[in-house]
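In what follows, every heavy atom counts, from backbone to side chain, and hydrogens, waters and symmetry copies are set aside. Numbering of ligands and ligand atoms starts at 1, following listing order.
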Amino acid sequence: MDFLTEKNVNCPFCDARLTLLIDESAGSQTYTEDCHVCCQPMEVQITQEAEGYLHVDLRQE
Ligand SMILES: [Zn+2]
């Protein structure tokens, strides 16, 4: 089974369009990922809601 899902987001630093690969089976999670364009560290906060929908928030670390 493949639990990876793609989410399109905008970098909070440079506003570049990014595609994040999210492991749905891990549920709610927070991790840090470097923007592929400007290389700034952004905090990725994933919240799993009732129907399995994933809400993604990006913050400047
Ligand atoms: Zn960026």
Query raised in the report: Has the side chain of Gln40 got a donor or acceptor atom that lies under 3.5 Å from a matching backbone atom of Cys38?
Result: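 A pair under 3.5 Å: no.
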
Query raised in the report: Hey, does the side chain of Ser25 reach the backbone of Phe3 with a donor-acceptor pair shorter than 3.5 angstrom?
Result: no

Using side-chain heavy atoms (C-beta onward) and a distance below 4.5 Å, is [X] in contact with [Y]?
X     : Y     : value
Thr19 : Lys7  : no
Tyr31 : Ile46 : yes
Leu18 : Val37 : yes

Using a 3.5 Å cut-off and no angle test, enumerate the donor-acceptor pairs between side-chain atoms of residues 49-61 and protein atoms at least two apart in sequence or in another chain.
| from | atom 1 | to | atom 2 | distance (Å) |
| --- | --- | --- | --- | --- |
| Arg59 | NH2 | Glu43 | OE2 | 2.4 |
| Gln60 | NE2 | Pro12 | O | 3.0 |
| Glu61 | OE2 | Thr32 | OG1 | 2.8 |

Requested in this report: Give every protein N, O or S atom lying under 2.8 Å from the Zn ion (ligand 1), naming each by residue and atom.
Outcome: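 Per the 2.8 Å query on the Zn ion (ligand 1), atoms found are Cys11 SG, Cys14 SG, Cys35 SG, Cys38 SG.
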
